[in-house]
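Data block below; observations after.
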Amino acid sequence: MNEMTTISRQQRAYSPAAAAFLARKPQLFINNEWVDSSHDAVIEVEDPSSGKIVGHVVDASDKDVDRAVAAARAAFDDGRWSGLPPMVRDRTMNRLADLLEANAALFAELEAIDNGKPMTMAGAVDIPGAISQLRFMAGWASKISGETTQPYTMPGGQVFSYTVREPVGVCAQIVPWNFPLLMASLKIAPALAAGCTLVLKPAEQTSLTALKLADLVVEAGFPAGVINIITGNGHTAGDRMVKHPDVDKVAFTGSTEIGKLINRNATASMKRVTLELGGKSPVVVMPDVDVAQAAPGAAGAIFFNSGQVCVAGSRLFAHKSVFDQVLEGMAATAPFWSPRPSLDPDAHMGPLVSKEQHERVMGYIEAGKRDGASVVMGGDVPASDGGYYVNPTILANVNPQMSVVREEIFGPVVVAQRFEDLDEVARMANDTCFGLGAGIWTKDVAVMHKLAARIKSGTVWGNCHAMIDTALPFGGYKESGLGREQGHQGVEAYLETKTVIIQL
Ligand code: ADP
């Protein structure tokens, strides 16, 4: 009867290339070489589709971090990267993108094994996304320039003044586990375009694709020390990176809680900081919509990547005249989103990334039920032999005081609320400490623009959700972050401005 009970949640066999990669000795990539850690500590690599340990990576020591930062410092200070012709920087970055493209299938498989996301999704979204970050930013390497400006208070011809854009320096880049390679690429691409050198640390749960990327750095032609990739825990290796005196800039994507801590630690020594943090993004469905289009759209906004998306549409606001139909339409997508192992070609949603995340998400669902929310769909765990699966979940009868409404769950859980008019929904949508993304579904162009203007968030989507493009700035209002990534503004975040004033 129930289609979901017939799904096998047995993870499939890995390809020989993936198995060989997982069997490698845990090492760090510093100064264009694979090197041993100064100590023996490792982190287990777990496949969240089965819950099995499938490999190990280094848990970097303070000494390892210092070694990576020293490599990046030396490479920055002697100008071996920033001093190259922009054309060469552009070509080198494009060669890295070419190599990623040539190895795309293996990257997609490693991402699926490590994170739990469907391999088909990694192949369609994560890997092409990472490639386009590199290619777009490669073009910026040759388009960075200053200005000559006539001073306001000085007579013409007596002073020559101009500005120069210079790379910020050594960057510590710390990324989360939800889109591992895409986030890594989103960080390294603008830094490289600007002429910076870097130390990148992937999340301890998902280090595989960053390590595989390191395999390609030498072949692409990067000078030693420009890209250093280390693995390790956040509170140790990550903390050391953020506080390191030889680091000039910190770029972080992750939770708001850790982002605030990193901001304090980094700005204590005036490091430049970019933060892309959490969200609780609203999805507003107006009464004029075609429900057959908007309901699957609202479902995709929350269930894509198991809801482990900083811009996940986790608060649904549907107009009271379409509320019931929208929820019915979303519930009808349950078979499509039913979680499967990441290497199952029919998977649209995988497990959550870890046991910890599973417990956290189920804890929120239980809290919602205790607080009086009603479960419209899901709210439970499907049958499986291990693995961290959660069924896609819709909660209704919620109120703004509940933790499921206020806090970022980072799982496939949406809370649904009714509204009556534009003023009310604008107020409800903004009733959050976050401001990362928002979705609006309507055919009425005037309503679209009015609401887009009123919602306080870094990105507003109309009749779609979570569409990201490397040419378009991305970042948060309020507690969702600091600064912007991608687009022209993304490179700006890796540049200083020097003003030169010469009396003639
Ligand atoms: P999540 O809650 O999604 O696991 P976190 O914000 O904890 O995300 O982690 C995102 C990234 O930040 C990871 O790479 C993690 O190792 C790193 N990290 C966590 N704590 C710290 C810290 N105190 N200093 C620096 N990096 C950290």
Side-chain angles (χ1 to χ4, degrees), residues 28 41-46 48 57-62 64-66 68-69 114-117 171-188 198-211 213 228-244 247 249-269 271 273-280 305-312 314 352-361 363-364 388 407-412 434 436 476 479-482 485:
L28 304 165
V42 290
I43 297 171
E44 291 175 335
V45 176
E46 187 181 27
V57 297
V58 170
D59 182 7
S61 65
D62 284 355
D64 296 333
V65 173
D66 294 353
V69 172
D114 212 8
N115 166 279
K117 68 177 65 202
C171 304
Q173 304 189 310
I174 299 176
V175 294
W177 45 256
N178 59 344
F179 292 90
L181 183 73
L182 179 54
M183 291 293 155
S185 181
L186 207 147
K187 291 276 179 286
I188 69 173
L198 60 97
V199 178
L200 173 86
K201 190 191 82 61
E204 48 273 37
Q205 299 86 345
T206 56
S207 299
L208 297 181
T209 48
L211 292 171
L213 182 71
N228 305 279
I229 297 181
I230 62 169
T231 53
N233 279 302
H235 63 282
T236 52
D239 186 63
R240 183 82 171 182
M241 288 166 71
V242 169
K243 293 177 180 162
H244 204 292
V247 165
K249 175 180 167 108
V250 175
F252 169 79
T253 296
S255 61
T256 291
E257 183 197 351
I258 299 294
K260 287 178 180 174
L261 175 70
I262 286 181
N263 191 36
R264 283 195 297 275
N265 289 338
T267 51
S269 55
K271 292 181 175 54
V273 178
T274 315
L275 302 169
E276 201 269 272
L277 309 176
K280 191 77 181 173
N305 213 41
S306 304
Q308 301 169 131
V309 182
C310 52
V311 294
S314 50
L352 300 183
V353 70
S354 63
K355 183 163 188 280
E356 185 190 359
Q357 191 61 13
H358 191 265
E359 281 168 4
R360 183 185 145 88
V361 170
Y364 271 111
Y388 306 121
E407 296 170 22
E408 183 175 46
I409 299 176
F410 227 62
F434 298 112
L436 198 55
E479 293 189 20
S480 287
L482 213 55
E485 298 188 297

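Side chains included, hydrogens not; waters and symmetry mates left out as well; all remaining heavy atoms used. In each ligand, atom 1 is the first atom listed, and ligand 1 is the first ligand listed.
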Working for side chain to side chain contact (heavy atoms under 4.5 Å, CB included), residues Leu200 and Ile188: CA-CA 8 Å; Leu200 173 86; Ile188 69 173; 4.3 Å; yes
Pairs under 3.5 Å, nitrogen or oxygen of ligand 1 with protein nitrogen or oxygen:
from, atom 1, to, atom 2, distance (Å)
ligand 1, 3 (O), Trp177, NE1, 3.4
ligand 1, 4 (O), Trp177, NE1, 2.9
ligand 1, 6 (O), Ser255, N, 2.9
ligand 1, 6 (O), Ser255, OG, 2.8
ligand 1, 14 (O), Val175, O, 2.8
ligand 1, 14 (O), Lys201, NZ, 3.1
ligand 1, 16 (O), Lys201, NZ, 2.7
ligand 1, 16 (O), Glu204, OE1, 2.5
ligand 1, 16 (O), Gly234, N, 3.2
ligand 1, 24 (N), Gly234, O, 3.4

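- Pairs of residues two or more places apart, or lying in two chains, never qualify as side chain to side chain donor-acceptor pair (under 3.5 Å) while including a residue from residues 176-186.
- Residues Lys355 and Glu359 are paired through a salt bridge, judged by an N-O separation under 4.0 Å between the basic side chain and the carboxylate.
- When only modelled atom types and interatomic distance are considered, Gln357 and Tyr388 share no side-chain donor-acceptor pair under 3.5 Å.
- Looking at residues two or more places apart in sequence or on another chain, you find a side-chain contact (heavy atoms from CB on, under 4.5 Å) between Leu482 and Asn263, Leu275.
- Ala266 pairs by the side-chain contact (heavy atoms from CB on, under 4.5 Å) definition with Val242, Val250, Lys271, Val273, not counting sequence neighbours.
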